[in-house]
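Encoded as structure tokens, the structure appears first; notes follow it.
Values in this document were obtained by computation on a predicted structure and should not be read as measured data. Whatever order the structure lists them in is the order used to number ligands and atoms, beginning at 1. Numbering of residues begins at 1 and proceeds along the displayed sequence.
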Amino acid sequence: MAPKRDRRRQAPPTTPSPVPMATAPDQPSTGPESPEVAYKPSDLLIKETLDKGKGVFTTTHIAPGTCIIAEQPIVAFPANNEDQIAPILQRCSEEDKRKFLSFGYVKVNASLDPFRRIVKTNCLPMASRGQVGLFETICRVNHDCRPNALYCWDEALGKEVLHALVDIPAGEEISVNYYSILDGPARRAVLQSKFGFTCKCSCCSLPPSELGKSDKREAQLSRIIDTVAILIRTNPVSAIAQIRQAIVIIEREKDYGRLTAQFADAFQICAAWRDLPNAKVWATRAAEASRRCYGDGEDAASLRAFAEDPTTHRLWGALGTRKLSS
Ligand SMILES: [Zn+2]
């Protein structure tokens, strides 16, 4: 069983909204430009892990940006009406009931009935629909603080999609970060309290001194994100410098799914300060990152359009004129 409850999504970028930084061409998240490669869901293997219950593994190499799988839910429930769980399950086919019951649940919430606990442990939000869904494969993907993939609900497709953030070698387990927006100590605490497990990923398994450094970097990242929001109006040069520092930390911590928001925010700042060349650079990075993390949908297309003509952004020139940087 993969313990997953109330998982937060990767926070979508503040604007349309992830990945590589032109100034860091050798970062592993981006690698050389590679075409989207069709990946066969049949190359995924669900099997028992050593200590995390079931997990999802790939039997072939996956390139960054690849859509690993797009799934419709086995069953969906209202996000805020648990009383509907049992009636909805009663209307399911015997096959879907069997699939639902094949999922485990964590030991917390012992007062709840098993159906509710399965939903709380495994279901994922289907954003705009106000529902949560149980996805046969994606809901088996385990947590890693340095994940190799990212999932999100694609409203246009009506499916949950899972994209590779980095090169994933054949035989490796697919992982996502359940709580990317939390820093290290907060994330480990939530994983323990809500999912009942101690993360043993490559980050959380670092020697104490190294883990402490990682935690400090993540804390710094949180502070930077808060600071940028303040500096946008008063000191945009410093805001862009802070975003560049945030990108360095994200790359160091290997949580590449967080890059899109940084690129998109930098684009917005440049747009708001009427900096055409740098707005184009940041929008181009944001568009490519969005495509890799979320697929080539509306967000990526919107960002490409802004990269072509930043003056069409609603904030264009809203704060004045200033030469910034990329
Ligand atoms: Zn971890």
Looking at residues at least two apart in the chain, or sitting in another chain, which of them share a side chain to side chain contact (heavy atoms under 4.5 Å, CB included) with Glu95?
->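 Result, side chain to side chain contact (heavy atoms under 4.5 Å, CB included) vs Glu95: Ser93, Arg98, Lys99.
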Taking only residues two or more places apart in sequence or in another chain, which ones pass side chain to side chain contact (heavy atoms under 4.5 Å, CB included) with Asp83?
->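 For Asp83 the side chain to side chain contact (heavy atoms under 4.5 Å, CB included) partners, ignoring immediate neighbours, are Asn81, Arg116.
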Using 2.8 Å as the cut-off, count the protein N, O or S atoms closer than that to the Zn ion (ligand 1).
->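 Near the Zn ion (ligand 1), the number of protein N, O or S atoms below 2.8 Å is 4.
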Assert yes or no for the condition that the ring centre distance of His313 to Phe267 is strictly below 6.0 Å.
->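 Aromatic pair counts; centres sit under 6.0 Å.
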Could you list all the salt bridge (Lys or Arg N to Asp or Glu O under 4.0 Å) pairs where at least one residue sits in residues 171-193, not counting sequence neighbours?
->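 Found Lys52-Glu173, Arg187-Glu218, Arg188-Asp215.
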Under-4.0 Å salt bridge between Lys159 and Glu71 |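 The answer is no: the pair does not qualify as a salt bridge.
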Are Glu288 and Arg292 ion-paired here, with the side-chain N under 4.0 Å from a carboxylate O?
->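 Salt bridge flag = yes for Arg292 with Glu288.
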